Amino acid sequence: VQLQASGGGFVQAGGSLRLSCTPSGSIYVVNTMGWYRQTPGNQRELVATISRGGNTNTDGSVLGRFVISRDNLKNAVYLQMNNLKPEDTAVYYCNADIRTRNDPSRLTNYWGQGTLVTVSS
């Protein structure tokens with residue numbers, strides 16, 4: 001299973017970007033999905049997560065500006081980022097808990113490759 005993230009880029013402060021992430025492979029079911037971010041020299045931090053049922057958990061630093069959503073038919077997760085600030089500059093990583101067709105009883109956590117978001121002041 002691989003997670004493919006896209007949508008990062010360069011934007012001026014106040015602008016918007018939408019990140020997308022879709023897993024590929026022999027997937028049985030995708031449970032919780034989420035977005036994390038990391039800046040150089042710092043630990044990866046939670047941005048937002050969303051359960052299969054749609055329950056969300058969003059970090060206070062982005063609450064009201066970022067919205068996480070998902071499409072269970074596509075197994076996709078999205079992050080709509082509005083009113084971006086320079087401090088949002090980071091590599092954003094997609095994350096998902098997945099059961100594969102090879103072993104549906106096992107829940108495995110996967111990370112995507114990261115997509116860079118750069119916000120200029």
Side-chain angles (χ1 to χ4, degrees):
V1 173
Q2 291 186 333
L3 296 179
Q4 184 65 44
S6 61
F10 182 92
V11 65
Q12 290 186 334
S16 298
L17 285 173
R18 186 180 190 234
L19 305 183
S20 300
C21 177
T22 303
S24 62
S26 183
I27 296 168
Y28 180 68
V29 68
V30 182
N31 285 3
T32 299
M33 305 184 81
W35 291 96
Y36 293 74
R37 65 186 181 185
Q38 188 173 22
T39 54
N42 294 309
Q43 290 187 340
R44 198 169 296 186
E45 62 180 18
L46 168 72
V47 176
T49 61
I50 184 167
S51 70
R52 184 167 181 80
N55 293 321
T56 62
N57 177 33
T58 304
D59 185 75
S61 65
V62 303
L63 191 62
R65 300 188 297 121
F66 292 11
V67 179
I68 188 170
S69 62
R70 65 186 288 167
D71 183 335
N72 287 335
L73 292 179
K74 298 180 180 179
N75 287 327
V77 63
Y78 309 99
L79 186 68
Q80 178 65 45
M81 304 185 293
N82 300 321
N83 191 20
L84 281 158
K85 302 177 180 181
E87 51 263 42
D88 295 319
T89 295
V91 177
Y92 285 71
Y93 294 90
C94 173
N95 180 271
D97 292 327
I98 297 174
R99 300 184 188 274
T100 67
R101 294 187 183 276
N102 294 335
D103 188 359
S105 65
R106 181 177 180 178
L107 189 65
T108 303
N109 187 258
Y110 293 90
W111 288 96
Q113 85 285 6
T115 184
L116 177 63
V117 172
T118 303
V119 185
S120 67
S121 58

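Because only heavy atoms are used, hydrogens play no part in the values below, and waters and symmetry mates are left out as well, while side chains stay in. Throughout, residue positions are numbered sequentially from 1 according to the sequence presented. These numbers come from a predicted model, not from an experiment.
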Give the cluster check for [X] versus [Y]: same hydrophobic cluster or not, with ILVMFWY residues linked at side-chain heavy-atom distances below 4.5 Å.
X      : Y      : answer
Leu19  : Trp111 : no
Val47  : Val30  : yes
Tyr110 : Ile50  : yes
Val91  : Tyr36  : yes

ask   = Are Gln113 and Gln2 close enough that some pair of their side-chain heavy atoms sits under 4.5 Å apart?
value =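 No; the side chains remain at least 4.5 Å from each other.
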
Ile68 and Val77, any side-chain heavy atoms less than 4.5 Å apart =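 Yes, side chains in contact.
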
How long is the straight-line distance from [atom2] of [Y] back to [atom1] of [X], given to the nearest 0.5 Å?
X     : Y     : atom1 : atom2 : result
Gln38 : Glu45 : CD    : CD    : 9.0 Å
Thr58 : Arg65 : OG1   : CZ    : 11.5 Å
Arg18 : Ser6  : CZ    : OG    : 9.5 Å

message = For a side-chain contact (heavy atoms from CB on, under 4.5 Å) check, start with the C-alpha distance between Val62 and Arg37, then their side-chain angles and the critical distance, and finish with the verdict.
response = CA-CA 12 Å; Val62 303; Arg37 65 186 181 185; 3.9 Å; yes

Indicate the atoms forming the closest heavy-atom contact of [X] with [Y], along with that distance.
X      : Y      : value
Asp103 : Ser105 : OD1-OG, 2.8 Å
Leu3   : Cys21  : CB-SG, 3.9 Å
Ala5   : Thr115 : CB-CG2, 4.4 Å
Ala76  : Thr22  : CB-OG1, 3.7 Å
Arg101 : Ile27  : NE-O, 3.1 Å
Ile98  : Pro23  : CD1-CB, 4.0 Å

Quiz question: by atom type and distance under 3.5 Å, do the side chains of [X] and [Y] form a donor-acceptor pair?
X      : Y      : value
Asn82  : Ser16  : yes
Asn102 : Thr100 : no
Thr39  : Asn42  : yes

key: By side chain to side chain donor-acceptor pair (under 3.5 Å) - contacts of Glu87 (at least two apart)   =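 With neighbours one apart ignored, the set is empty.
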
ask   = Within the distance-only criterion (no hydrogens, no angle test), does the side chain of Asp71 pair as donor or acceptor with the backbone N or O of Lys74 below 3.5 angstrom?
value =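 Yes; judged by distance alone, with no hydrogens or angles, the pair exists.
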
request  = Say whether, by atom type as modelled, one donor and one acceptor occur between the side chain of Gln12 and the main chain of Ser121 under 3.5 angstrom.
outcome  =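 Absent.
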
query = Hey, do the aromatic rings of Trp35 and Phe66 have their centres closer than 6.0 Å?
reply =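 For Trp35 and Phe66, the ring centres are not under 6.0 Å apart.
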
Steps toward side-chain contact (heavy atoms from CB on, under 4.5 Å) verdict (Val117, Asp88) = CA-CA 8 Å; Val117 172; Asp88 295 319; 5.5 Å; no

request  = Assess whether side-chain contact (heavy atoms from CB on, under 4.5 Å) is satisfied between Met33 and Arg52, documenting all intermediate values.
outcome  = CA-CA 8 Å; Met33 305 184 81; Arg52 184 167 181 80; over 6 Å; no

request  = Could you point out which residue of Asn31, Thr49, Asn109 forms a side chain to side chain donor-acceptor pair (under 3.5 Å) with Asp97?
outcome  =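 One option only clears the test, and that one is Asn109.
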
request  = Show your reasoning for whether side-chain contact (heavy atoms from CB on, under 4.5 Å) applies to Tyr92 and Leu79.
outcome  = CA-CA 10 Å; Tyr92 285 71; Leu79 186 68; 4.2 Å; yes

inquiry  = Check for me whether Arg70 meets the cation-pi criterion with Tyr78, that is, NZ or CZ under 6.0 Å from the six-membered ring centre and within 45 degrees of the ring axis.
reply    =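 Ring-cation test returns no.
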
query = If you draw a 6.0 Å radius around OH in Tyr28, do more than 12 non-hydrogen atoms from other residues or ligands fall strictly inside?
reply =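 Not more than 12 within 6.0 Å, no.
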
